[in-house]
Amino acid sequence: MSEATTLRAALRDAQTAIAASSDSARLDAEWLLAHVLGCSRTQLMMRGDDALAAADVQRYAALVARRRDGEPVAYLLGNQGFWSLELQVTPDVLVPRPETELLVEWALECLPADVAAQVVDLGTGSGAIALALARERPTATVTATDVSAAALAIASGNAERLGLAVEFREGAWWQACADQCFDLVVSNPPYIAAGDEHLPALRHEPLLALSDGADGLQALRDIIAGAPARLRAGGRLLLEHGYDQGAAVRALLSAAGFTEVSTRRDLEGRERASGGRRS
Ligand code: SAM
Ligand code: GLN
């Protein structure tokens with residue numbers, strides 16, 4: 001019988017195993033072991049000399065192997081933090097990204113507190129953006145759409161668990177919204193071009209959430225084209241896009257008659273979201 005594995009040794013071995021496929025291998029190893037043991041990462045650090053039970057060694061090894069194969073930590077844990085919310089995520093939804101919080105911040109600047117604004121999040125996935133807005137602006141009426149019924153099931157489960165009121169609608173972009181009008185439209189649509197070199201690394205996430213199957217701008221075009229008819233005068237459209245799509249999205253917004261067209265950069269200084277105002 002082999003010597004008992006300590007938590008410290010298990011973490012070290014896992015970090016080594018994960019290193020080739022993750023640039024946050026140590027953190028990933030800690031999250032996965034904390035998940036197996038049902039404790040916090042801080043507690044792990046205090047228990048470094050403890051032995052890991054054989055069953056836990058096996059469960060941990062299975063998770064580490066999946067992480068090494070590129071599965072996002074969020075799918076392995078079953079949840080992901082976004083804004084101030086803990087969201088359930090499964091492979092039916094994109095793992096919400098920290099840079100998408102930029103869109104939430106921008107949306108909140110456009111939404112005065114205590115106003116009964118009508119907001120829609122197109123392509124809501126896990127519900128991340130819609131739920132963050134509903135949390136921060138309880139007086140707003142928030143609608144969230146997706147063409148994926150499986151994604152909507154996850155999003156509505158998140159709304160229920162968090163006790164947040166969001167109305168969910170199934171359908172392709174504007175088709176999901178009947179003839180409703182909004183004060184604010186936000187969307188993080190699929191914007192990766194078909195065949196893009198980044199897609200293989202994202203293979204565990206739904207392709208529908210990542211790529212429009214065309215040049216990467218098709219979903220953005222569809223949303224922008226339909227937006228003027230669905231926005232009240234003075235209303236805003238805010239869109240996340242790829243780091244090299246800012247100029248194209250600004251041009252689409254201007255061509256659709258939007259004013260005050262501008263782009264915001266992420267923490268790394270890359271163009272990440274663009275928006276405009278319906279005059
Ligand atoms: N809003 C979530 C977030 O930021 O984490 C998910 C964004 S994900 C990049 C894009 C979402 O758009 C996916 O949930 C996908 O199912 C949805 N989607 C793709 N094509 C769509 C379409 N034609 N109409 C509506 N939603 C669509
Ligand atoms: N931000 C995601 C990525 O680059 C892409 C999400 C999207 O297409 N909206 O991994």
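All ligand and atom numbering here is 1-based and tracks the order in the structure. Source: prediction; values computed, not measured.
- The nearest protein atom to atom 2 (C) of ligand 1, hydrogens excluded, is given as T124 O, 3.2 Å; this is a heavy-atom distance.
- N188 ND2, 3.7 Å is the protein heavy atom nearest to atom 3 (C) of ligand 1.
- For the side chain to side chain donor-acceptor pair (under 3.5 Å) test, no residue two or more places apart in sequence or in another chain qualifies with N79.
- For the residue pair Q245/Y191, the side-chain donor-acceptor check at 3.5 Å is not satisfied.
- Of all protein heavy atoms, the one closest to atom 16 (O) of ligand 1 is D146 OD1, 2.6 Å.
- Interface atoms of ligand 1 facing T100, defined by a heavy-atom separation under 4.0 Å, are 4 (O).
- Side-chain contact check for R59 versus L63: every heavy-atom pair is 4.5 Å or farther apart.
- Ranking the protein heavy atoms by distance from atom 19 (C) of ligand 1 puts L208 O, 3.3 Å first.
- With respect to atom 6 (C) of ligand 1, the closest heavy atom belonging to the protein is G123 O, 3.5 Å.
- Ligand 1 places these atoms under 4.0 Å from at least one heavy atom of P96: 5 (O).
- Checking each of V185, N188, L184, I129 against L238 for a side chain to side chain contact (heavy atoms under 4.5 Å, CB included) leaves exactly one that passes, namely L184.
- For ligand 1, the atoms sitting less than 4.0 Å from at least one non-hydrogen atom of I129 are 1 (N), 4 (O), numbered in the order shown with element in parentheses.
- Taking a cutoff of 4.0 Å between a charged side-chain nitrogen and a carboxylate oxygen, R230 and D183 do not qualify as a salt bridge.
- To the nearest 0.5 Å, atom OG of residue S274 and atom CH2 of residue W106 are 6.0 Å apart.
- Distances below 4.0 Å separate heavy atoms of G125 from the following atoms of ligand 1: 6 (C), 14 (O).
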Which N/O atoms of ligand 2 sit under 3.5 Å from a protein N/O, and at what distances?
residue  : atom   : partner : partner atom : Å
ligand 2 : 1 (N)  : Y191    : OH           : 3.1
ligand 2 : 8 (O)  : Y191    : N            : 3.1
ligand 2 : 8 (O)  : L210    : O            : 3.2
ligand 2 : 9 (N)  : N188    : OD1          : 2.8
ligand 2 : 9 (N)  : P189    : O            : 2.7
ligand 2 : 10 (O) : R97     : NH2          : 2.9

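- Among protein heavy atoms, the minimum distance from atom 9 (C) of ligand 1 is reached at A209 O, 2.9 Å.
- Salt-bridge formation is not detected for the pair R265/E99: no Lys NZ or Arg NE/NH1/NH2 atom is positioned less than 4.0 Å from an Asp or Glu carboxylate oxygen.
- Classification of R67 and E30 as a salt-bridged pair fails, no side-chain N sitting under 4.0 Å from a carboxylate O.
- Taken to the nearest 0.5 Å, the CD atom of E101 stands 9.0 Å off from the OG atom of S84.
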Just distance, no hydrogens or angles: give the donor-acceptor pairs under 3.5 Å from side chains in residues 152-160, sequence neighbours left out.
residue : atom : partner : partner atom : Å
S156    : OG   : L152    : O            : 3.0
S156    : OG   : A153    : O            : 3.3
N158    : OD1  : Q88     : N            : 2.7
N158    : OD1  : R161    : NH2          : 2.8
N158    : ND2  : Q88     : O            : 3.0
N158    : ND2  : S126    : O            : 3.0
N158    : ND2  : I154    : O            : 3.4

Can you list, pair by pair, the side-chain donor-acceptor contacts under 3.5 Å of residues 109-120, counting residues two or more places apart and other chains?
residue : atom : partner : partner atom : Å
E109    : OE1  : R264    : NH1          : 3.3
E109    : OE1  : R264    : NH2          : 2.9
E109    : OE2  : R264    : NH1          : 3.1

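- Here CG of D50 is found 11.0 Å from CD of Q43. Values are rounded to the nearest 0.5 Å.
- Considering backbone and side-chain N/O atoms, W173 comes within less than 3.5 Å of an N/O atom of ligand 1.
- Near G171, the atoms of ligand 1 lying under 4.0 angstrom from a non-hydrogen atom of the residue are 24 (N), 25 (C).
- When non-hydrogen atoms are compared, ligand 1 lies under 4.0 Å from the backbone of V147 as well as from its side chain.
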